[in-house]
Amino acid sequence: MGEGNLVWHKGKVEYEDRCKLIKQKGLVIWFTGLSGSGKSTIAVELEKELTRLGKLVYRLDGDNIRLGLCSDLGFSEDDRNENIRRITEVAVLFRDAGIITLVSFISPFEFMREVARERLGKDAFVEVYVKASMNACIKRDPKGMYKKAIEGQIKDFTGISSVYEVPENPDIVIDTELLTVEESVRIIYENIKKNI
Ligand code: ADP
């Protein structure tokens, strides 16, 4: 692929310079969980709260990215891994820009979440497992996807016809059957406030 002939071209402005300029540190908050567990709902509210507190935040949402950057990808294991690889690289850039980056993707495979953690470095990466039982997600079914998956209209649907690997060592667990959205935002904020 020609990587052998590529050399990183260093700039004269570093991550630390940008942080000083915008008075914050970059951080990637990576939400993982079943479809309908509440990743996007919580990320949207956390984005609003951090912005209210004067922080520069950007949200990378699974569905939104799949409409653009990853519109050529499907839901096979290879395509899911490529989807996560690309979003990891985008998150690396955003974080390097000094931005607090909220990534809400099902990201079902432990292996790919580990790749993201390693690529970003553990100080720049916070894994939030947004937990809800399959029954709760099916009941919520905010986009009508479970109905279609159960009827067999969607193949490779996480939790129905494709695996979801529960995180082994998440930094934060948010059980959305027990917590309100506001409580979830507060817990995440309390966990990350010293790192932003
Ligand atoms: P995901 O991004 O994980 O696919 P969404 O955020 O799109 O999930 O959908 C979650 C659904 O669950 C929404 O309709 C939301 O209103 C509902 N919901 C109910 N209780 C909660 C909660 N405590 N936290 C987050 N979402 C909740």
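Because the structure is predicted, anything quoted here is derived from the model rather than measured. Atoms within each ligand, like the ligands themselves, are counted from 1 in listed order.
Under the 3.5 Å distance criterion, the side-chain polar atoms of E183 are matched with a main-chain donor or acceptor of T180.
Side-chain atoms of F31 and D61, non-hydrogen and from C-beta on, never get closer than 4.5 Å to each other. Counting only heavy atoms from C-beta outward, the side chains of E127 and N169 never approach each other to under 4.5 Å.
Residue contacts with ligand 1: S40 is placed with a nitrogen or oxygen under 3.5 Å of a nitrogen or oxygen of the ligand (distance criterion only). For the pair I42 and ligand 1, the shortest N or O to N or O distance does not fall below 3.5 Å. Taking only nitrogen or oxygen atoms, main chain and side chain alike, L179 reaches within less than 3.5 Å of ligand 1.
Using a 4.0 Å cutoff on heavy atoms, G33 does not count as a contact of ligand 1. Under a 4.0 angstrom heavy-atom cut-off, V181 registers as being in contact with ligand 1. Residue S35 places a heavy atom less than 4.0 Å from ligand 1. The closest approach between a heavy atom of S184 and any atom of ligand 1 is not below 4.0 Å.
Among G36, G38, S104, the residue whose heavy atom sits closest to atom 26 (N) of ligand 1 is G38.
Set against the non-hydrogen atoms of T176, the atoms of ligand 1 under 4.0 Å away are 22 (C), 23 (N), 24 (N). Distances below 4.0 Å separate heavy atoms of T41 from the following atoms of ligand 1: 5 (P), 6 (O), 9 (O), 10 (C), 13 (C), 15 (C), 26 (N).
Between R95 and D123 there is no salt bridge, since no side-chain nitrogen of the basic residue lies less than 4.0 Å from a carboxylate oxygen of the acidic one. The existence of a salt bridge linking R18 and E14 is excluded, since no basic side-chain nitrogen approaches an acidic carboxylate oxygen closer than 4.0 Å. In this structure, E114 pairs ionically with R117, as a charged nitrogen and a carboxylate oxygen lie closer than 4.0 Å. Salt bridge present: E49 and R186 bring a charged side-chain N and a carboxylate O closer than 4.0 Å.
In terms of the ring pair (Phe, Tyr, Trp, His ring centres under 6.0 Å) criterion, F109 has no residue partners (sequence neighbours excluded). E16 is linked by a salt bridge (Lys or Arg N to Asp or Glu O under 4.0 Å) to nothing, counting only residues two or more places apart in sequence or in another chain.
Between W30 and F125, the ring-plane angle classifies as tilted under the 30° and 60° cut-offs.
Of the protein's non-hydrogen atoms, the one nearest atom 3 (O) of ligand 1 is K39 NZ, 2.7 Å. Closest to atom 7 (O) of ligand 1 among all protein heavy atoms lies K143 NZ, 3.9 Å.
Under 4.0 angstrom from ligand 1, the non-hydrogen atoms of L34 all belong to its backbone. Only the side chain of R140 comes within contact range of ligand 1, with a heavy atom under 4.0 Å; no backbone atom does. Under 4.0 Å from ligand 1, the heavy atoms of P142 that appear belong solely to its side chain.
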